[in-house]
Amino acid sequence: MPAPLLSIATTPDLPPSADAVVIGGGIVGTCTAYYLARRGLRVALLEKGRIGAEQSSRNWGWCRQQNRDARELPMATRSLALWDSAAQEIGETLGFERCGLLYLSNDEAEIATWARWRDFARGQGVVTHVLSAEEATARGQATGRAWKGGVFSPTDGIADPERAAPIFAKGVMRAGGSVHQGCAARGIELSGGRVASVVTEAGPIRTPVAVMAGGAWASSFSRQIGAGFPQAAVRQSILAVAPGAALPDALYTNQVAATRRGGGGYTLAISGRARLDPTPQQLRYARHFVPMFLKRRRALAPGGMQAWKAGHETLARWRLDAPTPMERVRILDPRPDPKQIAETLARGRALLPALGAAAVTAAWAGYIDSTPDGVPAIGESAIPGFIVAAGFSGHGFGIGPGAGEMIADMVAGAVPALDPAPYHPRRFAQGAWGKVADF
Ligand SMILES: Cc1cc2nc3c(=O)[nH]c(=O)nc-3n(C[C@H](O)[C@H](O)[C@H](O)COP(=O)(O)OP(=O)(O)OC[C@H]3O[C@@H](n4cnc5c(N)ncnc54)[C@H](O)[C@@H]3O)c2cc1C
């Protein structure tokens with residue numbers, strides 16, 4: 001029962017050359033290619049498996065400013081505006097709606113954290129309502145419980161993970177770009193120290209610009225040309241239940257979170273709960289991740305060897321004229337943790353009586369790729385023309401459009417709508433541990 005995903009037909013033949021090649025057809029790669037194509041550049045988007053089949057179809061669908069780190073808030077705000085406009089531009093729904101996000105709690109420390117964020121956000125022009133006990137209990141009626149407090153962020157929303165990346169990929173093709181599924185990029189060829197072509201399993205594409213938006217695969221790929229960066233993934237397990245219940249569109253509690261799906265059912269998950277499956281790359285970058293893992297330690301549990309076997313975090317080098325790890329694993333599809341799935345369902349039913357015995361329609365896991373400070377790594381590496389865009393640390397779905405537009409601006413030489421400086425991966429080489437995202 002994998003995560004549901006819209007199938008789309010893509011471009012059969014690779015172009016011999018392009019102004020830019022985007023590697024990875026998740027939300028970040030599809031949005032980057034989309035905004036590049038809309039700027040009139042000749043763009044080719046490569047996806048080793050199916051568009052959207054890794055993290056971008058496995059998430060809750062939250063597109064939020066609420067509780068965002070200061071470094072990421074401008075990208076979150078910009079992304080909401082782009083979510084609003086993109087469906088109209090493409091002419092198909094992305095399932096995006098500014099339905100507002102509801103957070104409920106009985107933990108005074110948690111409520112105080114939200115109030116602090118509200119004070120910070122006010123200075124940034126973002127509206128969020130901290131709820132009194134009466135307001136939280138009224139908004140949380142579906143739980144049948146009393147709550148001490150909460151937050152409602154009226155301008156945030158949800159989009160449909162089942163459709164978003166595939167529809168952006170359609171937008172790429174409608175804007176004149178090409179999209180290639182089942183086509184892994186094996187590596188980059190350089191000439192005079194800068195990007196000259198992207199070598200794929202179906203042949204090379206000459207290009208001066210390669211954007212590596214390969215999610216959990218980004219660091220191992222980039223390391224082949226000396227542009228690796230600290231990246232580690234954790235495995236989260238999550239499930240969907242059938243339509244029927246009338247619940248808030250998007251509800252967080254520290255017990256369980258529920259999100260309405262495009263088809264009317266609900267996604268249920270335990271926020272932050274994950275397993276740490278060791279990999280060679282994780283061991284290599286372990287010291288960078290100490291602050292992050294310490295901060296999240298209550299929610300993390302040791303996992304198994306499935307990530308080691310999958311190979312997305314290998315330290316190996318590969319050749320460009322033979323199959324690579326990306327051709328062996330077309331879709332990174334980790335096994336969900338059965339205990340976590342059972343616990344999530346039990347907590348969902350206990351918190352939301354209207355779920356009743358709603359049938360589980362799917363259960364899956366996803367590797368969430370993170371950087372040491374929980375802020376994405378976006379920027380041109382030391383190799384001119386090679387741009388990294390990965391490590392979205394559990395927030396990349398909502399901010400994918402803003403990231404894609406910013407990268408397109410960088411490539412096209414336009415003044416970026418967002419300041420790219422806070423995202424540049426060079427911060428990891430500066431020795432000091434970065435501040436781990438607070439919220
Ligand atoms: C359970 C869960 C819940 C989440 N909830 C939310 C949420 O509510 N809101 C939110 O904003 N974020 C959420 N996230 C995080 C979000 O899903 C990710 O940050 C985001 O989808 C990352 O997008 P991406 O494009 O970088 O990576 P991905 O979606 O993983 O896409 C990368 C793609 O690159 C392809 N690829 C890799 N290497 C190559 C290669 N060499 N050649 C060709 N193709 C290649 C892969 O096949 C893959 O399809 C959640 C994630 C999970 C797993």
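One-based numbering, in listed order, for ligands and for the atoms of each.
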Geometry only, no angles: is [X] polar-contacting ligand 1 at N/O separations under 3.5 Å?
X: Trp217; answer: no
X: Ile27; answer: yes
X: Arg50; answer: no
X: His395; answer: yes
X: Asn59; answer: yes
X: Ala216; answer: no
X: Asp369; answer: no
X: Ile238; answer: no
X: Ile368; answer: no
X: Ala185; answer: yes

Original post:
Hey, is CZ on Arg335 packed in by over 12 heavy atoms from elsewhere, all under 6.0 Å?
Top reply: no
Original post:
Excluding sequence neighbours, so at least two apart, what forms side-chain hydrogen bond (donor to acceptor under 3.5 Å, both in side chains) with Thr155?
Top reply: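 Gln65.
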Quick check on contacts: which atoms of ligand 1 are under 4.0 angstrom from a heavy atom of [X]?
X: Ala213; value: 32 (C), 34 (O)
X: Ala184; value: 42 (N), 43 (C)
X: Phe392; value: 19 (O)
X: Ile23; value: 39 (C), 40 (C), 41 (N), 42 (N), 43 (C)

**OP:** Report the relative orientation of the aromatic rings in Trp62 and Tyr103; use parallel for angles under 30°, tilted for 30 to 60°, perpendicular for over 60°.
**Re:**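 Correct class here is perpendicular.
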Original post:
According to the interplanar angle, ranging from 0 to 90°, do the rings of Trp114 and Tyr252 count as parallel (below 30°), tilted (30 to 60°) or perpendicular (above 60°)?
Top reply: perpendicular
**OP:** Tell me, please: is Gly394 in heavy-atom contact with ligand 1, that is, under 4.0 Å?
**Re:** yes
Original post:
Would Ala390 count as a contact of ligand 1 if the rule is a heavy atom under 4.0 Å away?
Top reply: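 No, that is not the case, since the closest heavy atom of the residue is not under 4.0 Å from the ligand.
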Subject >> Pairs touching residues 199-215 that satisfy side chain to side chain donor-acceptor pair (under 3.5 Å), sequence neighbours left out >> reply: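 Non-adjacent pairs meeting side chain to side chain donor-acceptor pair (under 3.5 Å): Glu201-Arg330.
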**OP:** Search all heavy atoms of Gly150 against all heavy atoms of Ala136 and return the closest pair with its distance.
**Re:**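 Looking at all heavy atoms of both residues, the closest pair is N-CB, 4.0 Å.
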**OP:** Decide, yes or no, whether a salt bridge links Arg427 with Asp373 under the criterion of side-chain N to carboxylate O below 4.0 Å.
**Re:**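 A salt bridge is present here (some side-chain N lies under 4.0 Å from a carboxylate O).
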**OP:** Measure the distance from atom 25 (O) of ligand 1 to every protein heavy atom, then report the residue, atom name and distance (to 0.1 Å) of the closest one.
**Re:** Val28 N, 3.1 Å
Original post:
To which protein heavy atom is atom 31 (O) of ligand 1 closest, and what is the distance rounded to 0.1 Å?
Top reply: Gly26 CA, 3.3 Å
**OP:** Can you figure out which of Ala365, Ser56, Pro161, Pro334 has its heavy atom closest to atom 23 (O) of ligand 1?
**Re:**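 Considering heavy atoms of Ala365, Ser56, Pro161, Pro334, the nearest to atom 23 (O) of ligand 1 sits in Ser56.
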Original post:
How about Thr93 and Arg163: does a side-chain donor come under 3.5 Å of a side-chain acceptor?
Top reply: no
Original post:
Do the side-chain N and O atoms of Arg275 and Gln340 include a donor-acceptor pair separated by under 3.5 angstrom?
Top reply: no
Subject >> ligand 1 versus Lys48: contacting region, heavy-atom distance under 4.0 Å >> reply: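 Lys48 to ligand 1: contacts from backbone and side chain alike.
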Original post:
Between Tyr367 and ligand 1, which part of the residue brings a heavy atom under 4.0 Å of the ligand: side chain, backbone, both or neither?
Top reply: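 None of Tyr367 does.
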**OP:** Determine, for Phe152 and Arg139, whether the Lys NZ or Arg CZ falls below 6.0 Å from the six-membered ring centre while staying within 45 degrees of the axis.
**Re:** yes
